Trainee: 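My structure is below; once you've seen it, I'll send some questions.
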Amino acid sequence: MKLQRPRGTRDFTPAETEKRRYIENRMRAIAEKWGYVEVKTPTFENSELFTIKSGEAILGELYAFKDKGGREIALRPELTAPVLRMYVNEMSVSPKPIKLYYFENCFRYERPQKGRFREFWQFGVELIGSGRVEAEAEAIALAAAMVSDIGIEADLCIGHLGVVRGVLHDLDSQMQAEAMRLMDKKDLEGLGVLLADDSDVKDRLLALIDADLDEASSIVGETGAIEQLKQMRTLLDHYGVEYKVDFGIARGLDYYTGMVFEMYAAGLGAQNQICGGGTYRLAQLFGGAETPSCGFAIGFDRVLEVCEVEPPNKPTVAVVYLPDVVEDAIRVASRLREGAGVRTTIDISGRKFGQQLKHADAIGADYAVIVGAQEIAAGMVTLRDMRTGEQEMIGLADAVLRIRG
RNA sequence: GCCGGGGUAGGGUAGUUGGUCAUCCUAUGGGACUGUGGAUCCCACGACCCGGGUUCAAAUCUCGGCCCCGGCCCCA
């Protein structure tokens, strides 16, 4: 038996890698157009960074280990905490708001299934240092722009934990947590059982789950959170972003404090969530000043599962030559590469002329640039279109023009 | 961690009531073909997921493990 790759990891073939890189670059281009700058953080962190906000319980889902110096280390399971740690360590005096994006691999020790791997990639954004609704609306609009740019139709749902917690205010914290969990799972029956003794809370919560924004304000009153959501409605209308209000969104995370949102795409089975985010307070947990922030992360692998955008074809040229003119062939290849930036291959296997053409076909070359004694005598090359079979002896500069289309 | 389905050359497969040398397609390398590829033909290459058990004999039956697929739990 040959060596296997670890469970839940993947290899990517050249075609897959090309597509992944292309989609990544499109997302990156949008983030940069919106004025966001890229950051990188370590692949592993002290485990504490992840347990501090989520408790020891999450260690079970981390790739965590002791290093040779006895330090408790964990591979990052997400990037919001590392980026906020970095903000506190390195950027806390940078002018606010700070607009950051990242694209990195993350690791979770979980049972792999469709759209869920032990190593996976996240493209995310953190908008640090503004608690205003304009910031939240921008984060949502940016997420929507990225997803739609790569041709994915997704449903966007926005909720608000402040509103929900307001309703649950009188319950003890354990009850609150359980209620939020059931709500996130859309387990209305379970909620009914849990809140059987608090019928007032139960009625209001169940009403809220189905409520739109205007109904919500009659259930919980004109609170600040409701007012914020109404402002956001106006802003998102200006952005042209369509969404649904869903107070049932709880996001398993404790650190979200206000607005939360999720995006779902069809065709992904049980793991249909492709993006999640919201407003959180983490900086002070990591020893920084209180800094209102919001952000989101897109599940890159899930997005790729349903993304049908294909990278544009980059023309490939094979220099095909007769054995007595290797030097000239190499010179032509160099001029195609360095001079013209064309993707160019040349035989390095000692193949005969006919075999070289055959191989050029096999690797999907778009053109063959043929170099032989006749071409050299004429100071030209023969450009052969591998698809049509048409060929013509022309100058190298003209050949480049045609190759580039 | 739990439930179910699955694992035969690089990819796709036949064979599974145990019994010659494990089938075919494709891909790959070479040749027929010394300045013209895609066709055809020939040759080569290459597999029973791993380990234990039953048996004269295991790809086939059995147990354990690993991995893949779908779902549950979870999803910070």
Side-chain angles (χ1 to χ4, degrees), chain A residues 1-11 13 15 45 47-62 64 74 76-82 84 106-118 120 122 177 180-181 184-185 187 249-256 260 262 268-278 280 282 285 297 299 302 305 318 320-325 329 347 349-377 381-393:
Chain A
M1 187 55 193
K2 277 176 276 188
L3 291 174
Q4 289 181 321
R5 108 186 76 87
R7 184 182 168 103
T9 62
R10 290 156 295 160
D11 297 312
T13 61
E45 297 268 1
S47 301
E48 185 188 22
L49 177 65
F50 305 114
T51 55
I52 210 169
K53 68 185 165 84
S54 322
E56 299 289 323
I58 62 139
L59 278 172
E61 281 132 47
L62 293 180
R76 58 175 171 233
E78 52 113 21
L79 280 129
T80 300
L84 266 286
C106 301
F107 307 86
R108 294 184 192 180
Y109 195 89
E110 294 182 298
R111 174 77 170 74
Q113 53 185 287
K114 188 176 177 67
R116 172 184 283 186
F117 306 95
R118 289 186 168 181
F120 60 97
Q122 284 195 338
M180 304 266 286
R181 196 181 71 81
D184 197 42
K185 284 175 61 180
D187 183 354
I249 296 175
R251 312 255 329 121
L253 296 154
D254 300 333
Y255 61 73
Y256 285 106
V260 286
E262 297 181 342
L268 282 167
Q271 312 296 328
N272 66 339
Q273 191 189 322
I274 57 167
C275 176
Y280 55 84
L282 271 181
L285 261 185
R302 292 182 189 177
E305 287 264 320
V320 172
Y321 60 97
L322 279 301
D324 50 336
V325 294
D347 178 67
S349 306
R351 288 192 168 98
K352 297 173 195 167
F353 189 83
Q355 292 176 324
Q356 288 187 38
L357 265 183
K358 185 172 181 162
H359 187 252
D361 178 53
I363 63 171
D366 300 283
Y367 295 93
V369 166
I370 296 169
V371 181
Q374 296 166 26
E375 284 79 7
I376 290 164
V381 297
T382 294
L383 180 67
R384 180 178 182 85
D385 183 320
M386 290 300 284
R387 223 176 19 191
T388 64
E390 289 165 15
Q391 66 179 48
E392 189 184 348
M393 194 152 88

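The analysis underlying the following values was restricted to heavy atoms, covering all of them including side chains, and did not include hydrogens, waters or symmetry mates. Every chain is numbered from 1, with letters handed out A, B, ... down the list of sequences. Source: prediction; values computed, not measured.
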Trainee: How far, in whole Å, is B:rA27 from B:rG35 if one measures between their P atoms?
Mentor: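 Comparing P positions in B:rG35 and B:rA27 gives a spacing of 26 Å.
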Trainee: Could a donor-acceptor pair under 3.5 angstrom be found where the side chain of A:Gln391 meets the base of B:rU36?
Mentor: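 Indeed, a donor on one side and an acceptor on the other fall under 3.5 Å apart.
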Trainee: Sugar-phosphate means primed atoms, P, OP1 and OP2; the rest is base. With that split, encode nucleotides 69-74 of chain B 5' to 3' as B, S or - using protein heavy atoms under 4.0 Å.
Mentor: BBBBBB
Trainee: Residues in salt bridge (charged side-chain N to carboxylate O under 4.0 Å, His left out) with A:Glu305, at least two apart?
Mentor: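 For A:Glu305, the residues satisfying salt bridge (charged side-chain N to carboxylate O under 4.0 Å, His left out) (neighbours in sequence not counted) are A:Lys114.
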Trainee: Base, sugar-phosphate, or nothing for A:Glu390, non-hydrogen atoms under 4.0 angstrom?
Mentor: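 A:Glu390: no heavy atom of the nucleic acid under 4.0 Å.
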Trainee: Salt bridge (charged side-chain N to carboxylate O under 4.0 Å, His left out) with A:Glu61: which residues, sequence neighbours excluded?
Mentor: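 So A:Glu61 forms no salt bridge (charged side-chain N to carboxylate O under 4.0 Å, His left out) with any residue.
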Trainee: Mind checking side chain to side chain donor-acceptor pair (under 3.5 Å) for A:Gln113 and listing every partner two or more places apart, or none if nothing turns up?
Mentor: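 Partners of A:Gln113 by the side chain to side chain donor-acceptor pair (under 3.5 Å) criterion, ordered by chain and then number, come out as A:Gln271.
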Trainee: Which is more 5' along RNA chain B, the nucleotide nearest A:Arg302 or the one nearest A:Pro6? Just name the residue.
Mentor: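 The residue closer to the strand's 5' end, by nearest nucleotide, is A:Pro6.
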Trainee: Considering residues at least two apart in sequence or located in another chain, which fulfil the side chain to side chain donor-acceptor pair (under 3.5 Å) criterion with A:Arg5?
Mentor: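 For A:Arg5 the side chain to side chain donor-acceptor pair (under 3.5 Å) partners, ignoring immediate neighbours, are A:Asp11.
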Trainee: Classify A:Arg10 by what it touches in the nucleic acid, base, sugar-phosphate, or nothing, heavy-atom distance under 4.0 Å.
Mentor: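 It contacts nothing in the nucleic acid.
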Trainee: Which residues pass the salt bridge (charged side-chain N to carboxylate O under 4.0 Å, His left out) test with A:Arg7, not counting sequence neighbours?
Mentor: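 For A:Arg7 there are no salt bridge (charged side-chain N to carboxylate O under 4.0 Å, His left out) partners, ignoring immediate neighbours.
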Trainee: Taking the same atom, C1', in B:rA9 and in B:rU13, what whole-Å distance lies between them?
Mentor: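 My reading of the C1' atoms in B:rA9 and B:rU13 gives 11 Å.
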Trainee: Need the pair for B:rC56. Rule: Watson-Crick or G-U wobble, both distances under 3.5 Å, any strand; none if unpaired.
Mentor: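 In the structure as shown, B:rC56 has B:rG19 as its Watson-Crick or wobble partner.
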Trainee: Using a 4.0 Å heavy-atom cut-off across all strands, classify A:Gln374 as base, sugar-phosphate, or nothing.
Mentor: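 Here A:Gln374 touches the bases of the nucleic acid.
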